[in-house]
Amino acid sequence: WEEERYPEGIKWKFLEHKGPVFAPPYEPLPENVKFYYDGKVMKLSTKAEEVATFFAKMLDHEYTTKEIFRKNFFKDWRKEMTSEEKSTITSLSKCDFTHMSQYFKAQTEARKQMSKEEKQKIKEENERLLKEYGYCVMDNHKERIANFKIEPPGLFRGRGNHPKMGMLKRRIMPEDIIINCSKDSKIPSPPPGHKWKEVRHDNKVTWLVSWTENIQGSIKYIMLNPSSRIKGEKDWQKYETARRLKKCVDKIRNQYREDWKSKEMKVRQRAVALYFIDKLALRAGNEKEEGETADTVGCCSLRVEHIKLHPELDGQEYVVEFDFLGKDSIRYYNKVPVEKRVFKNLQLFMENKQPEDDLFDRLNTSILNKHLQDLMEGLTAKVFRTYNASITLQQQLKELTNPDDNIPAKILSYNRANRAVAILCNHQRAPPKTFEKSMMNLQSKIDAKKEQLADARRELKSAKADAKVRRDEKSKKTVESKKKAVQRIEEQLMKLEVQATDREENKQIALGTSKLNYLDPRISVAWCKKWGIPIEKIYNKTQREKFAWAIDMAEEDYEF
DNA sequence: GCGGTTGACTCAGAAATGTACCA
DNA sequence: GTGGTACATTTCTGAGTCAACCG
């Protein structure tokens, strides 16, 4: 993992790849699929039709009913129309996409019904594409590329209440593409008749391909897979930084507690914000341009309206009630008892302010991170999230693992430890649509298993009685096999019950994000080694590839 | 020297797809 | 053996973080 260290900022010496795979060109609808305007059939120009199909494909989705979505879509759609179409189509509500929508549904259905051979053919084609474009050579290694396919055109769907939802995401052409590779590599060729926007040779960055996206004007990249050396090393570094924080976190905590008393308002705000980031694992909270994105916040951008102060609540003193939308418009709701000083400071910060005013008006992420940099090299707000997540996993594993448990029960403990972290980081998911049903199915399985167990026990009992009377080898053997049957069923029942508990507790919680991004994998690897749990029970194939470095490195006595 | 902007990277949940299991 | 369903995995791409840059 440490074969060669590069000088500061150099990411590679040699980089060769085949460039991106473009989205397939638009295929016009068959003649018999109609679009209606104001009740009348209307044949659209190819460009207008393509954009119309984007809308038609989403027709069942809730956001096609949202006013902002419709407004943005219609505005961008009109830009693609011929002047004739533009003068005819003046109202989206008069557009009827249902026939188009039905056509696409039928297509989806037909795809599902394809024969094995046809499916196999598609699979092979994908594999060929992956083989040709999915890998690059970086220095001496062949590495997997993460997203070598360029995003196809479509309608922008932001998360939450996004002001730009419904806008047209335009088709990316070779002329938009910047290629990054080394000078002495075989430079990828653009599709026939096209040119790249630029070919550059910048070994201070890790991306292979980039383009500017038209909704936010931000840059998108093609980079390597998490299993690659360059990503793995960075990941490892991240956890090493968090481990360095472990060594000085007590000092930092004492420091910010002192700062709650500072004469300077700026210092007090910084100290309270840092307390939240540390205690609640909040994100830093950069400022965002108003009207460009959904209205979400993190710690430094919290507004007065996002917290409520309760001098007393449910028998606890100094409770802060948080209610705000964070990254991806996921709601953060939490009632937290805080120290008196923090509480008093918050009261002070909120004095004479409007609900929409910043809670920390003298603070931003840049000020905070500069301060953190002084406390420890490489320390930023997000390191606290990594540190607290990993240390929580380690503690919880110690606490919850029962040496006498069997493997499924130990894995439940692991999942619970993982869950504690996901809750800390507020990683949520929409409860699966079929949750109630699947829970009921599982319960009926458990009930059936219980009955089966009762039966098996009865059989065992009568076999025992029988053996007592007969006293022969054959009936003894029967007793033994009945005993085994009971045991087997008991185990199966237990497994089911564990599964039910696990699933219930996991209803609204997403474990994946913390597992993939916040938990030092060496903790998990060490735990597996210590308790003889096969690593496959914890990490699937992709995860094992991503964490290969940790699986290689960590021994059972690893301490975060 | 500073405040805003840009670039490069990590992190995020939904949706699509694949697979295993069961009737 | 088959087809359908539930669950797991993969893909997709949007949304953050943070530091360098620039006027």
Side-chain angles (χ1 to χ4, degrees), chain A residues 9 11 23 58 61 108 111-113 116 119 122-123 126 130 146-152 154 156-160 162 164-165 169 178 180 202 204-207 210 212-213 215-226 230-231 234-235 237-238 277 282-289 292-294 296-301 325-330 364-370 372-373 378-386 389 422 425-430 432-435 437-439 441-442 445 499 503 506 508-518 539-543 545:
Chain A
K11 306 289 166 62
M58 297 173 129
H61 209 290
T108 314
R111 229 174 298 132
K112 267 192 218 158
Q113 298 302 326
K116 255 189 192 145
K119 281 184 183 167
I122 292 174
K123 207 174 161 191
N126 284 337
L130 174 67
N147 53 328
F148 59 91
K149 290 181 186 156
I150 299 233
E151 298 170 18
F156 176 80
R157 319 135 79 126
R159 311 271 168 82
H162 198 115
K164 297 193 172 182
M165 64 168 88
K169 235 174 67 160
I178 302 174
N180 193 34
D202 183 356
K204 291 188 175 59
V205 296
T206 67
W207 53 266
S210 77
T212 302
E213 149 275 339
I215 303 288
Q216 317 274 2
S218 65
I219 308 167
K220 298 242 176 178
Y221 303 94
I222 293 181
M223 291 185 190
L224 297 194
N225 197 66
I230 205 154
K231 294 285 182 191
K234 198 80 189 292
D235 206 33
Q237 244 179 55
K238 174 179 77 182
I277 284 171
L282 299 190
R283 295 188 185 81
N286 284 312
E287 294 115 294
K288 315 204 296 178
E289 210 174 330
E292 293 292 299
T293 58
T296 63
V297 297
C299 186
C300 294
S301 50
L325 297 181
K327 181 176 180 180
D328 289 342
S329 291
I330 298 291
N364 60 40
T365 52
S366 166
I367 297 172
L368 179 68
N369 279 333
K370 277 199 184 102
L372 293 176
Q373 193 62 238
L379 186 61
T380 62
K382 77 196 270 286
V383 178
F384 282 88
R385 243 168 111 79
T386 311
C425 294
N426 198 39
H427 290 140
Q428 294 190 23
R429 61 166 182 177
K433 287 202 171 62
T434 54
F435 185 82
K437 202 179 141 208
S438 88
M439 218 51 211
N441 284 345
L442 194 55
K445 263 191 198 169
Q499 210 186 339
R503 196 180 299 174
N506 226 23
Q508 299 197 58
I509 297 166
L511 297 185
T513 303
S514 52
K515 200 178 203 176
L516 234 48
N517 301 302
Y518 289 103
Y539 291 141
N540 66 29
K541 185 169 143 275
T542 315
Q543 294 165 338
E545 280 167 11

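In what follows, chains are A, B, ... by sequence order, proteins preceding strands, each numbered from 1.
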Rounded off to whole Å, could you give me the [atom1]-to-[atom2] distance for the [X] and [N] pair?
X: A:Q508; N: B:dG13; atom1: CD; atom2: P; answer: 13 Å
X: A:K234; N: B:dC9; atom1: NZ; atom2: C1'; answer: 6 Å
X: A:N225; N: C:dT10; atom1: CG; atom2: C1'; answer: 11 Å
X: A:L511; N: B:dC11; atom1: CG; atom2: P; answer: 17 Å
X: A:I219; N: B:dG7; atom1: CD1; atom2: P; answer: 4 Å
X: A:D202; N: B:dG7; atom1: CG; atom2: P; answer: 12 Å
X: A:L325; N: B:dA12; atom1: CG; atom2: P; answer: 16 Å
X: A:M58; N: B:dA16; atom1: CE; atom2: C1'; answer: 14 Å

Would you say [N] has OP1 or OP2 under 4.0 Å from some side-chain N or O of [X]?
X: A:H61; N: B:dA15; value: yes
X: A:N517; N: B:dT10; value: no
X: A:S210; N: B:dG7; value: no
X: A:K204; N: B:dA8; value: no

Judged by nearest nucleotide, the residue sitting upstream toward the 5' end of DNA chain B, A:E289 or A:M223, is A:E289
Nearest-nucleotide check on DNA chain B, A:G217 vs A:T513; residue mapping nearer the 5' end is A:G217
Heavy-atom closest pair (A:A389 atom, A:C425 atom, distance to 0.1 Å) is CB-SG, 4.3 Å
- In terms of side-chain heavy atoms, does A:K288 have a donor or acceptor partner in A:T296 at a distance below 3.5 Å? yes
Select base, sugar-phosphate, or nothing to describe what A:K123 touches, counting heavy atoms under 4.0 Å on all strands. nothing
With a non-hydrogen cut-off below 4.0 angstrom, is A:I215 in contact with a base, only sugar-phosphate, or nothing?
-> nothing
With sequence neighbours left out, the residues meeting side chain to side chain contact (heavy atoms under 4.5 Å, CB included) with A:C299 are A:A273, A:F276, A:I277, A:L282, A:F360
Applying salt bridge (charged side-chain N to carboxylate O under 4.0 Å, His left out) to A:R157 and not counting sequence neighbours gives none
Steps toward side chain to side chain contact (heavy atoms under 4.5 Å, CB included) verdict (A:K164, A:E292): CA-CA 7 Å; A:K164 297 193 172 182; A:E292 293 292 299; 2.9 Å; yes
CD1 (A:I222) and CD1 (A:I178) are apart, to the nearest 0.5 Å, by 12.0 Å
Check the pair A:I330 / A:N426 against side chain to side chain contact (heavy atoms under 4.5 Å, CB included), numbers first and verdict last.
CA-CA 8 Å; A:I330 298 291; A:N426 198 39; 3.9 Å; yes
Once base and sugar-phosphate atoms are separated, protein heavy atoms under 4.0 Å mark nucleotides 12-19 of chain C, 5' to 3', with B, S and - as -BBBSBBS
